[in-house]
Amino acid sequence: MKTTGFVLLWPLIAWVLSAQKFYSEAPLSASTTKNVRVRFAPSPTGYLHVGGARTALYNFLYAKRFGGQFILRVEDTDLERSTEESMRMQIEDLKWLDLGWDEGPNPADYSDMGPYGPYRQSRRKEIYMDYANRLLEAGHAYYDFRTDAELDAIKDALVKAGKPPQIDAPKDMVPLAEARKRVAAGEQAAIRFHVKEKRDYVVQDLVRGDVRFPSDMVGDFVCIRSNGMPVYNFCCAIDDALMKITHVFRAEEHLSNTLRQMMIFEALGLESPRFGHLSFILGSDKQKLSKRHGATSCHDFKVKGYLPEALNNFILLSGWSSPDGREILSREEQISLFTHERFNSAPAVFDETKLLWMNSMYLRALPHDELWKRIEPFLKEAGLSIPQAQDAQWRDHALTAFKTSMQTLADAPKLFEALDDSKFAVKPEAAEVKGWPESQKVWAAWKAELSSHAANKISETEFAAMQDRVKEQAGVKGKHLFMPIRVAVIGQPHGTELKILVPLLDKSSLLKRVEMCL
RNA sequence: GUCCCCAUCGUCUAGCGGCCUAGGACACCACCCUUUCACGGUGGAUACAGGGGUUCAAAUCCCCUUGGGGACGCCA
């Protein structure tokens with residue numbers, strides 16, 4: 001009986017399942033039929049953070065994946081904090097990460113690039129005012145002449161009464177015609193959105209599924225400040241619609257803002273993009289990543305010698321995973337594999353140790369010409385002079401020797417230092433080796449070998465032979481042979497293989513070094 | 001306080017009802033390679049927050065608890 005019921009139910013269950021399937025795939029089919037337009041909209045208040053970089057990367061990848069456009073929009077409506085300098089810094093950071101945009105400020109001269117400009121919100125005031133007027137006329141918004149002090153008093157009273165500090169329309173709302181006269185006469189007033197009906201709004205979030213918000217979660221919120229500058233939720237919604245944005249992938253902190261934005265879209269009859277709210281990247285203490293966690297901006301990582309490719313790949317993986325679990329992915333692979341279905345809705349802790357590993361992987365995979373180009377600024381900064389580096393073959397050899405010891409570009413100076421005569425010194429770590437009675441004998445024999453060597457360069461095979469003769473001459477073998485020689489070459493008992501190191505140095509500098517030991 | 005989101009090894013994650021005595025990666029430990037260091041190779045330890053359901057079957061679905069986070073600005 002029970003099995004019969006189960007069997008009879010099957011078609012129904014299958015139907016329900018397939019219906020759900022269809023529903024959940026709807027966003028994807030939308031993205032394939034409609035030209036995808038996504039944006040990254042930072043506010044220029046400092047360097048680009050890794051969280052912002054990840055948002056930018058995801059949007060970039062999504063645009064590329066579906067052959068759409070990636071737009072950079074500058075949200076600089078907060079006059080207090082936004083700076084031109086910050087905008088330029090963030091543009092530099094995005095360029096460094098190779099996340100180029102199709103529309104937005106031109107990276108060369110910051111002029112507008114694309115058909116839907118301006119792309120800096122501070123230059124779109126008339127547009128916002130136009131839409132604010134439409135809201136006003138439709139009764140979806142009103143001028144609010146109340147002062148900060150009055151508003152604060154209202155909020156205080158609400159908090160005391162145990163209610164959320166939401167501002168609602170004043171009892172004696174000024175009629176629009178009169179309000180306009182007063183504003184024209186120079187009176188200051190903000191424009192507030194009027195939340196009239198109480199009902200639920202549902203965000204069909206691409207990352208979190210359906211999220212339901214009651215409209216009374218927000219009060220009448222400000223669209224235009226009394227100084228004429230629009231507020232985030234208002235311009236964000238207007239711009240997303242006007243710039244024909246189809247998908248918005250942004251941080252989770254904006255999830256509840258979406259309610260206000262939905263209200264604006266609805267009141268203005270504008271088409272809403274689809275939203276996907278990404279989880280945060282956290283510090284090791286599971287708090288939102290901030291300055292006290294150390295490096296958090298892309299610029300910090302650049303300075304610390306990380307490769308942009310590695311940083312990109314690493315942040316890609318904190319919040320998204322590839323279908324087959326592979327982690328090192330080329331830009332092309334990232335694009336071809338990218339879908340919003342593989343976002344992780346749980347927050348991710350930023351783990352610099354793994355980034356370090358990934359960076360070393362990328363470092364080693366780089367062609368030597370390219371690696372050298374990236375290393376050079378770090379050597380220069382450390383004040384190293386390595387004339388041999390003019391020779392491409394020498395560079396190739398040196399990089400082969402050193403790159404497995406490097407995790408970041410910033411590790412290069414202390415490695416290449418070994419090749420700069422002016423920086424040579426017997427390091428404290430060599431104290432024990434210095435004290436060995438064998439060491440003097442080894443050094444003497446090594447010096448003799450060097451002196452009798454005709455050429456200024458020593459090949460790997462020549463060095464092997466020289467080493468064998470030192471072994472015989474000094475009558476020492478094992479670590480008591482190798483370590484003193486290494487100290488006489490690089491000033492310390494541990495490090496790169498001698499047969500690789502010695503050919504990188506001239507006979508004259510090797511002689512100088514062994515003399516310093518003796 | 002109200003509303004919302006989140007919860008698998010230390011960390012990033014796979015998993016979308018049976019292929020799970022839970023897979024991969026980083027880190028860690030051991031061994032191998034190497035007359036040093038690093039690289040590389042092999043192996044190991046380590047996780048479904050707790051409690052209730054639903055189901056023949058639950059890491060996976062539902063509820064509660066706990067914990068973490070976010071929003072409630074004339075910030076973004």
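Below, chain A is the first sequence line, B the second, and so on; all start at residue 1.
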I want to verify a distance call: between B/rC4, B/rA7, B/rC72, whose nearest atom is closest to the A/Ala346 side chain?
B/rA7
How close or far is atom P of B/rC5 from atom CG of A/Asp205, stated in whole angstroms?
10 Å
To the side chain of A/Arg225, which of B/rC75, B/rC5, B/rC12 is closest?
B/rC75
Just to be sure I understand the rule, does A/Pro493 reach a base, reach only the sugar-phosphate, or reach nothing, if contact means heavy atoms closer than 4.0 Å?
base
Rounded C1' spacing from B/rA76 to B/rA71 in Å
13 Å
More than 12 non-hydrogen atoms from neighbouring residues, nucleotides or ligands closer than 6.0 Å to NZ on A/Lys196, yes or no?
yes
Round to a whole Å and report the spacing from CG of A/Leu278 to P of B/rC6.
13 Å
Whole Å only: how far is the CZ atom of A/Arg81 from the P atom of B/rG73?
16 Å
Minimum-distance nucleotide (side-chain atoms of A/Ser321 versus B/rC12, B/rC74, B/rA14):
B/rA14
Checking contacts here: which listed nucleotide (B/rG24, B/rC4, B/rA71) is nearest the side-chain heavy atoms of A/Glu327?
B/rG24
Please classify the nucleic acid contact of A/Ser360 as base, sugar-phosphate, or nothing, using heavy-atom distances under 4.0 Å.
nothing
Under 6.0 Å from the ring centre and within 45 degrees of the ring axis: does the NZ or CZ of A/Arg260 meet both conditions for the six-membered ring of A/Phe221?
yes
Send over the distance from A/Leu48 CG to B/rA76 C1', rounded to a whole Å.
14 Å
Taking atom OH of A/Tyr142 and atom CG of A/Asp220, what is their separation to the nearest 0.5 Å?
3.5 Å
Counting the atoms with a prime plus P, OP1 and OP2 as sugar-phosphate, which does A/Ser405 contact under 4.0 Å by heavy atoms, base, sugar-phosphate, or nothing?
sugar-phosphate
Establish, with yes or no, whether the OP1 or OP2 oxygen of B/rG40 is under 4.0 angstrom from a side-chain nitrogen or oxygen of A/Arg364.
yes
Residue-phosphate contact under 4.0 Å: A/Arg192 side-chain N/O, B/rG73 OP1/OP2
no
Nearest-neighbour nucleotide for the A/His494 side chain, B/rU36, B/rC12, B/rG69 considered
B/rU36
Run A/Val74 and A/Tyr119 through side chain to side chain contact (heavy atoms under 4.5 Å, CB included) and show every step you take.
CA-CA 6 Å; A/Val74 182; A/Tyr119 291 91; 6.0 Å; no
For A/Glu253 and B/rG73, what is the distance between atoms CD and P respectively, to the nearest whole Å?
15 Å
Students often get this wrong, so: under 4.0 angstrom with heavy atoms, is A/Arg260 touching a base, only sugar-phosphate, or nothing?
sugar-phosphate
Check whether more than 12 heavy atoms from other residues, nucleotides or ligands sit under 6.0 Å from atom NZ of A/Lys427, and answer yes or no.
yes
Assign A/Arg486 to base, sugar-phosphate, or nothing according to its heavy-atom contacts below 4.0 angstrom with the strands shown.
base
Mate of B/rG67 where both pairing distances stay under 3.5 Å, Watson-Crick or G-U
B/rC6
Could you pick out which residue, A/Ala190 or A/Ala348, lies toward the 5' side of RNA chain B when each is mapped onto its nearest nucleotide?
A/Ala348
Is A/Arg212 near enough to B/rC4 that one of its side-chain N or O atoms lies under 4.0 angstrom from OP1 or OP2?
no
Pick base, sugar-phosphate or nothing for A/Leu151, based on heavy-atom distances below 4.0 Å to the nucleic acid.
base
P-based separation of B/rC64 from B/rA57 [nearest Å]:
23 Å
Below the 4.0 Å mark, does B/rC74 have OP1 or OP2 next to a side-chain nitrogen or oxygen of A/Lys155?
yes
Rounded to whole Å, the CG-P distance (A/Leu282 to B/rG68) equals 13 Å
P gap between B/rA49 and B/rU8, integer Å
6 Å
Test: A/Arg486 cationic atom under 6.0 Å from A/Phe482 six-membered ring centre, within 45° of axis:
no
Would you state whether a donor and an acceptor, one from the side chain of A/Asn257 and one from the base of B/rA76, lie under 3.5 Å apart?
yes
What I'd like to find out is whether the side chain of A/Arg208 reaches to under 4.5 Å of the side chain of A/Leu255, using heavy atoms alone.
yes
Per atom distances to the A/Val349 side chain, the nearest of B/rU11, B/rA27, B/rG40 is B/rU11
Select one nucleotide: of B/rA38, B/rC26, B/rC12, the one nearest the side-chain heavy atoms of A/Trp357.
B/rC26
Write down the distance between CG (A/Leu289) and C1' (B/rC12), rounded to a whole number of angstrom.
14 Å
Taken to the nearest 0.5 Å, the spacing of A/Asp239 CG from A/Arg39 CZ works out to 9.0 Å
Report which part of the nucleic acid A/Gly219 touches: base, sugar-phosphate, or nothing (heavy-atom distance under 4.0 Å, all strands).
nothing
P atoms of B/rU54 and B/rC48, separation to the nearest Å
24 Å
Touch class at under 4.0 angstrom, heavy-atom based, for A/His254 against every strand present:
base
Between B/rC12, B/rG69, B/rA38, which nucleotide has the shortest distance from any of its atoms to the side chain of A/Gln287?
B/rG69
Within the structure shown, what part of the strands sits under 4.0 Å from A/Gly162 by heavy-atom distance: base, sugar-phosphate, or nothing?
nothing
Considering heavy-atom distances to RNA chain B, does A/Asp285 or A/Gly478 have its closest nucleotide positioned more toward the 5' end?
A/Gly478
In terms of the angle between their ring planes, are A/Tyr143 and A/Phe145 parallel, tilted or perpendicular, with boundaries placed at 30° and 60°?
tilted
Which part of the nucleic acid does A/Glu497 contact within heavy-atom distance under 4.0 Å: base, sugar-phosphate only, or nothing?
base
Over all strands shown, is A/Glu252 touching base, sugar-phosphate only, or nothing at heavy-atom distances under 4.0 angstrom?
base
A/Thr404 side chain: which of B/rG70, B/rC39, B/rC26 is closest?
B/rC39
Let's see if you can work this out: which of B/rC6, B/rU35, B/rG70 has an atom nearest to the side-chain heavy atoms of A/Phe482?
B/rU35
Please measure how far the C1' atom in B/rC9 lies from the corresponding atom in B/rG23, and state the result in whole Å.
12 Å
With a 3.5 Å cut-off and just heavy-atom distances, do the side chain of A/Ser256 and the base of B/rC72 make a donor-acceptor pair?
no
With rounding to the closest Å, how many angstrom separate the C1' atoms on B/rA22 and B/rG17?
15 Å
Within the 4.0 Å heavy-atom criterion, would you say A/Pro42 contacts the bases, only the backbone, or no part of the nucleic acid?
nothing
Given atom CG of A/Asn344 and atom P of B/rG69, what is their separation to the nearest angstrom?
18 Å
Taking the C1' atom in each of B/rU55 and B/rG67, what is the distance between them to the nearest angstrom?
29 Å
Start with the C-alpha gap between A/Glu449 and A/Arg469, add the side-chain angles, then the distance that decides, and say whether salt bridge (charged side-chain N to carboxylate O under 4.0 Å, His left out) holds.
CA-CA 8 Å; A/Glu449 272 301 323; A/Arg469 287 192 293 272; 2.9 Å; yes
How far does the C1' atom of B/rA59 sit from the matching atom of B/rG18, given to the nearest Å?
13 Å
Compare side-chain N and O positions of A/Lys286 against OP1 and OP2 of B/rA7 and report whether any pair is under 4.0 Å apart.
no
